[in-house]
Every structure is written in C-alpha cells, then in structure tokens.
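Here's the structure we're looking at; comments come further down.
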Amino acid sequence: VNAAKTFQQEVTLKRKLSKEIVDKVCNLVYLEENDLYYIKEYSYYANEITGIVSKVGLTYRYTSMTVGIINKDVDARVKQIIAKITPQMDTVAKIKLFHDEIILNCNYSTASEYGATPYGALVGGQALCEGYSRAFALLCNKIGIENLFATSAPVNNEQHMWNMVKLNGCWYNIDLTG
C-alpha cells in the first residue's frame with residue numbers, strides 16, 4: 001500500500017511469502033484500498049524451486065501528477081454532494097442521495113479512459129461498473145457508512161463489481177449499474 005501511494009514500481013518483501021499469499025494480498029489491496037484505483041496490475045518475482053516471492057512489481061494506469069489532478073476534481077465533487085445532506089436525513093436517505101447523484105449524472109461506458117475510477121463516475125460522467133462502485137464507496141467512506149465491494153466470478157475474462165452497505169447490522173447489495 002505504501003509503495004503504491006508513492007508510485008514505486010518494485011517492492012522488496014521483508015517476509016517470505018508464497019505466490020498464493022501474494023495474490024491474495026494484492027487482490028485485497030485492489031478491493032479494500034479505494035484510493036489506489038490507479039494501480040493497473042502487479043507482478044511478482046518468485047524463486048522457481050521454492051515458489052517464495054521476493055519482490056512485487058507494480059504498474060500504474062496514470063502518472064502521480066494525473067492522479068493528483070483527478071483526486072482534486074473528485075474531492076471537489078464529493079464536497080458538493082455531501083453538502084446536500086441535511087440534518088433530517090437518515091442513513092438510507094444519504095445512501096439514496098449518493099445513488100441518485102451518481103446514476104443521474106453518469107452513463108455506463110466502456111470507452112472512457114477513467115471508467116474504472118471515481119473520477120469517471122463523479123466528474124467525467126462516464127464509467128464502468130468499477131467506477132460507479134468506487135465512487136459510491138468513496139462517498140460512503142467520507143461520512144462513515146460501512147461498505148464493501150462485491151465482485152462476480154469472471155465471465156469471458158470480465159468481472160462485475162457492485163457495493164454492499166451495512167444498515168442496522170444487516171448487509172445490503174447496491175448495484176448502481178444494475
């Protein structure tokens with residue numbers, strides 16, 4: 001996580017980890033660290049005999065400068081949306097506000113350069129399911145609504161992503177592209 005936040009291209013591991021564990025950790029980072037939407041992919045360097053991974057390589061979709069600009073624009077849009085929350089709104093009303101702000105101002109598009117990012121859904125107006133999900137999670141995180149990403153099994157090498165929110169101790173699925 002720290003390496004990705006500083007756009008390092010290679011991380012030397014301090015612990016001996018198997019390929020399977022490294023895969024799990026990298027997938028968790030992808031799903032749990034919403035701020036790292038700009039990671040394109042990871043690779044690892046493993047001992048051919050033991051299978052122990054010594055280094056993880058990271059590639060990025062955008063430069064650090066581009067990410068800074070994207071984040072500034074997203075933060076401004078998030079503030080606009082959160083400013084619409086009134087004291088009378090309960091958690092369900094806030095979730096509906098976030099849902100409506102995203103779906104009424106964004107179109108599903110496979111052609112957007114920023115489609116898998118919160119920027120695509122909140123600023124650019126075009127996103128994939130991942131962009132919708134990341135934008136919704138960002139808004140929920142800003143006001144403390146517990147949420148998770150959910151993903152489907154790959155179909156034709158593609159996955160679907162949506163959100164889950166916790167309300168009154170129960171988890172509910174929310175698919176903004178559904």
Side-chain angles (χ1 to χ4, degrees), residues 1-79 81 102 106-142 144 146-164 176-177:
V1 170
N2 290 335
K5 286 182 178 182
T6 58
F7 288 83
Q8 293 177 34
Q9 294 181 348
E10 190 174 271
V11 180
T12 301
L13 301 179
K14 295 177 183 175
R15 302 174 109 184
K16 295 180 180 182
L17 301 172
S18 68
K19 293 180 209 178
E20 294 79 20
I21 296 294
V22 171
D23 279 334
K24 286 180 183 180
V25 168
C26 289
N27 285 326
L28 279 171
V29 167
Y30 171 74
L31 288 174
E32 295 298 326
E33 295 293 332
N34 198 27
D35 294 344
L36 300 179
Y37 62 85
Y38 51 84
I39 295 174
K40 183 176 182 179
E41 62 186 6
Y42 68 90
S43 57
Y44 46 76
Y45 309 95
N47 182 299
E48 290 183 27
I49 298 169
T50 65
I52 299 298
V53 176
S54 60
K55 293 180 183 179
V56 175
L58 297 165
T59 57
Y60 304 98
R61 287 184 169 101
Y62 317 107
T63 66
S64 61
M65 184 186 306
T66 300
V67 169
I69 294 166
I70 287 172
N71 289 346
K72 182 179 174 190
D73 291 346
V74 168
D75 287 343
R77 180 68 177 120
V78 165
K79 286 178 184 172
I81 295 169
I102 294 169
C106 186
N107 294 309
Y108 187 87
S109 174
T110 59
S112 172
E113 178 182 355
Y114 304 103
T117 72
Y119 180 91
L122 293 172
V123 180
Q126 295 185 341
L128 298 163
C129 58
E130 182 176 349
Y132 280 84
S133 297
R134 290 190 179 280
F136 183 78
L138 178 63
L139 289 164
C140 288
N141 290 343
K142 289 287 184 184
E146 192 172 353
N147 68 93
L148 297 169
F149 292 119
T151 58
S152 67
V155 177
N156 295 328
N157 223 14
E158 292 187 23
Q159 285 185 286
H160 183 57
M161 181 184 272
W162 65 96
N163 302 86
M164 296 176 69
L176 279 73
T177 58

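This structure is a prediction, so every number in the text was calculated from the model and none was measured. Because only heavy atoms are used, hydrogens play no part in the values below, and waters and symmetry mates are left out as well, while side chains stay in.
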To the nearest 0.5 Å, what is the distance between [atom1] on [X] and [atom2] on [Y]?
X: Leu13; Y: Ile21; atom1: CG; atom2: CD1; result: 12.0 Å
X: Lys55; Y: Thr12; atom1: NZ; atom2: OG1; result: 4.5 Å
X: Leu138; Y: Arg77; atom1: CG; atom2: CZ; result: 12.0 Å
X: Lys5; Y: Leu36; atom1: NZ; atom2: CG; result: 6.0 Å
X: Ser54; Y: Arg15; atom1: OG; atom2: CZ; result: 16.0 Å
X: Glu130; Y: Gln159; atom1: CD; atom2: CD; result: 9.5 Å

If every non-hydrogen atom of [X] is compared with every non-hydrogen atom of [Y], which pair is closest and at what distance?
X: Ala127; Y: Ala121; answer: CB-N, 3.7 Å
X: Ile70; Y: Tyr37; answer: CG2-OH, 3.2 Å
X: Ala3; Y: Leu58; answer: CB-CD1, 4.2 Å
X: Ala4; Y: Ile39; answer: CB-CD1, 3.7 Å
X: Asn107; Y: Tyr132; answer: C-OH, 3.2 Å

Going by heavy atoms in the side chains, are [X] and [Y] under 4.5 Å from each other?
X: Glu113; Y: Tyr62; value: yes
X: Thr50; Y: Lys16; value: no
X: Val53; Y: Lys19; value: yes
X: Leu122; Y: Leu139; value: yes
X: Asp73; Y: Ile69; value: yes
X: Ser18; Y: Val22; value: no
X: Leu176; Y: Trp162; value: no
X: Tyr44; Y: Leu17; value: no

Worked verdict on Tyr38 versus Asn71 for side chain to side chain donor-acceptor pair (under 3.5 Å): CA-CA 11 Å; Tyr38 51 84; Asn71 289 346; over 6 Å; no
Ring pair (Phe, Tyr, Trp, His ring centres under 6.0 Å) pairs, two or more places apart, involving residues 10-36: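 Qualifying pairs, neighbours excluded: none.
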For the pair [X] (side chain) and [Y] (backbone), establish whether a donor and an acceptor sit closer than 3.5 Å, ignoring hydrogens and angles.
X: Thr117; Y: Tyr114; value: yes
X: Asn156; Y: Glu158; value: no
X: Thr151; Y: His160; value: no
X: Asn163; Y: Ser133; value: yes

Arg134 to Tyr119, cation-pi by 6.0 Å centre distance and 45° axis angle: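 The answer is no, since Arg134 fails at least one limit relative to Tyr119.
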Distance-only side-chain donor-acceptor flag, Asn141 / Asn147, under 3.5 Å: yes
Under 3.5 Å side-chain donor-acceptor pair for Thr66 and Thr63: yes
Trace of the side chain to side chain contact (heavy atoms under 4.5 Å, CB included) decision for Glu32 with Leu148: CA-CA 8 Å; Glu32 295 298 326; Leu148 297 169; 4.1 Å; yes
Criterion side chain to side chain contact (heavy atoms under 4.5 Å, CB included) on Phe149 and Met161, from CA distance to verdict: CA-CA 7 Å; Phe149 292 119; Met161 181 184 272; 3.8 Å; yes
